[in-house]
Amino acid sequence: MSELLTIEQALELVLEHVAALEAEDVPLDEAAGRVLAEGAAAGVDLPSFPASAMDGFALRSAEAPATLPIVARIAAGRPAERPLEPGEAMAIATGGVVPDGADAVVPIEDVEEGDGVVVVPGAVREGANVRVRGGDLATGDPVVGAGVRLGPVHLGALAAAGVPSVRCHRRPAVVLAVTGTELRSAGEPLARGEIYDANGVILATQIRSTGATVDRLPPVRDDAAATREAIERGLEADVLVTSGGVSVGVYDLVRATEAELGVEEVFWRVAVRPGKPIAFGVRGRTLVFGLPGNPVSSLVGFELFVRPALLALQGLAEPRPLFRPGRLARPVKMVDRDSLLRSRTAVEKGETAVFPLTGQESHMIAQAAMADALVLVPRGEGELAAGSAVSYLSL
Ligand code: AMP
Ligand code: MG
């Protein structure tokens, strides 16, 4: 048997076969979670006028201390009708346009107001409490760069900079087909030997969480015609994700059917536990992932290979899994493959302690539900000691 690919080798092979999808215009209101295909530039200066940072009085700083007549009241969005002349003050609200002629705003808290005048008791620094035009950003400056996934702050900056729509990579369309004659959907009665489909909901949730759309087919029976029909449908999409049917049993029809339909297999099997019999191939621009049927294997395979692919299709700058540093809280056995152990994390003395759970078998989805992380235990012999530096993936 040839050497199995490592996780890193397999991931690089996947990413080599992924090109970001085309860009499209997306109105800002619909752009949450989308990834920018091109940087977006500011349509206006930010702020676009000298703006007051406080509720207070606009004046000429050189005149303070002074008692000045209040000649106008400026609200946000309601600029003064004329410039400020020497010896005058104008009341101004936060966000109001600082009038021509004024070079500072003195806050309400620092003055006394009475009978049409304001008493400014102390000196005032030039520019105090005035937000200069373009101080945050100038027209044409980049607001958000290509490859960034748009969250609330990015969208806010774009909105403030007057950007009505952005160029984003198209969302990947994914077809999800779980295979297994034994699979039933929640709510249906189980005959002997049947089980409830877990992977359908797990994978659909994982797919959606990347920003891709998912067309979830009903569970596929392990017969040639049903398998072929489902795979044909999936090959129309950007990505086909299947679960089950990729091992070596006589009912494992997925890979053979895909080969018949022109899928070129890039790899099958990776040195990882759980999830070794994972398959990856391509047909034209369609990426084809065959995840193993055991729910934990399918979940792990998705995080290691499918999520990065779906992120790369959207043009995300860094699509690889984000492993964070932690410390192993109890010893674990190493095996001949890299393992991802379901774990709980806790912050202890500023470090993340990672506690691998009991019940690590790949069918134990209920045990896995107690986990909030997958800790990577490198292949090796013997034990990895408590206190060892490890990396983990948040779930
Ligand atoms: P397979 O990879 O098809 O040999 O499946 C391996 C194991 O995972 C078998 O015990 C299957 O019954 C189980 N299995 C396959 N698909 C699912 C699914 N969608 N939900 C829960 N268990 C599954
Ligand atoms: Mg099966």
Side-chain angles (χ1 to χ4, degrees), residues 4-5 10 174-209 212 214-231 233-234 237 239-261 263 265 267-281 288-307 337 339-340 342 359-371 374 395:
L4 292 183
L5 295 174
V174 182
V175 164
L176 169 61
V178 297
T179 72
T181 303
E182 73 279 26
L183 300 178
R184 289 290 164 271
S185 299
E188 293 175 0
L190 288 185
R192 185 169 165 79
E194 294 178 341
I195 61 170
Y196 289 120
D197 166 29
N199 298 347
V201 67
I202 300 172
L203 288 167
T205 308
Q206 286 176 303
I207 291 165
R208 278 192 210 101
S209 74
V214 59
D215 176 10
R216 185 174 159 191
L217 306 185
V220 181
R221 276 172 291 114
D222 296 313
D223 73 57
T227 304
R228 188 180 176 98
E229 192 188 325
I231 289 172
R233 264 186 75 179
V239 182
L240 166 61
V241 177
T242 61
S243 89
V246 286
S247 292
V248 291
V250 284
Y251 302 106
D252 293 332
L253 307 174
V254 170
R255 293 174 55 237
T257 310
E258 285 173 351
E260 278 168 33
L261 291 170
V263 174
E265 193 161 83
F267 63 75
W268 174 54
R269 302 204 293 191
V270 175
V272 57
R273 186 159 100 171
K276 176 166 123 182
I278 185 171
F280 170 64
V288 182
F289 290 93
L291 298 170
N294 275 308
V296 182
S297 308
S298 140
L299 175 122
V300 168
F302 184 93
E303 292 303 324
L304 293 180
F305 306 112
V306 187
R307 183 183 297 278
R337 292 178 259 159
S339 321
L340 287 138
R342 276 66 73 206
Q360 292 286 345
E361 285 171 69
S362 60
H363 66 286
M364 292 185 164
I365 189 63
Q367 300 296 319
M370 320 268 176
L374 295 169
L395 282 176

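First listed ligand is number 1; within each ligand, the first listed atom is number 1. Keep in mind it's a predicted model, so treat the numbers as computed, not measured.
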Tyr251 heavy atom under 4.0 Å from ligand 1: no
Proximal candidate to atom 16 (N) of ligand 1 [heavy atom criterion; set Pro277, Gly293, Ser298]: Gly293
Considering all heavy atoms, the nearest Arg184-Pro189 contact: CG-O, 4.2 Å
Contacting atoms of ligand 1, where contact means under 4.0 angstrom from a heavy atom of Tyr196: 20 (N), 21 (C)
Ligand 1 atoms in contact with Thr179 (distance to a heavy atom under 4.0 Å): 16 (N)
Nearest-0.5 Å distance that lies between atom CZ in Arg342 and atom CD in Gln367: 10.0 Å
Whether Asp222 side chain and Leu253 backbone form a donor-acceptor pair below 3.5 Å: no
Over all atoms of both residues, closest heavy-atom pair of Arg233 and Val175: O-CG2, 4.2 Å
Sub-4.0 Å atoms of ligand 1 with respect to non-hydrogen atoms of Gly245: 1 (P), 2 (O), 3 (O)
Closest approach of any protein heavy atom to atom 6 (C) of ligand 1, naming residue and atom: Asn294 N, 3.7 Å
Min N/O separation Ile195 to ligand 1 under 3.5 Å: no
Option nearest atom 20 (N) of ligand 1 (shortest heavy-atom distance, choices Ser243, Ala198, Gly180, Gly193): Ala198
Close-contact set for ligand 1 against Pro295 heavy atoms, below 4.0 Å: 21 (C), 22 (N)
Heavy atom of the protein closest to atom 4 (O) of ligand 1 (residue, atom name, distance): Asp252 OD1, 3.9 Å
Part of Leu183 within contact of ligand 1 (heavy atoms, under 4.0 Å): side chain
Heavy-atom closest pair, residues Val270 and Ile278: CG2-CG2, 3.6 Å
Gly187 backbone acceptor or donor facing Tyr196 side chain under 3.5 Å: no
Identity of the nearest option to atom 17 (C) of ligand 1, non-hydrogen atoms only, from Asp197, Leu291, Asn199: Asn199
Per-atom contacts, ligand 1 versus Glu182 - under 4.0 Å to a heavy atom: 11 (C), 12 (O)
Phe305 versus Ala10, closest heavy-atom pair with distance: CE2-CB, 3.6 Å
Nearest non-hydrogen partners of Ser298 and Leu203, listed with the distance: OG-CD1, 3.5 Å
Exam field: side chain Asp252 to backbone Val254, donor-acceptor pair closer than 3.5 Å: no
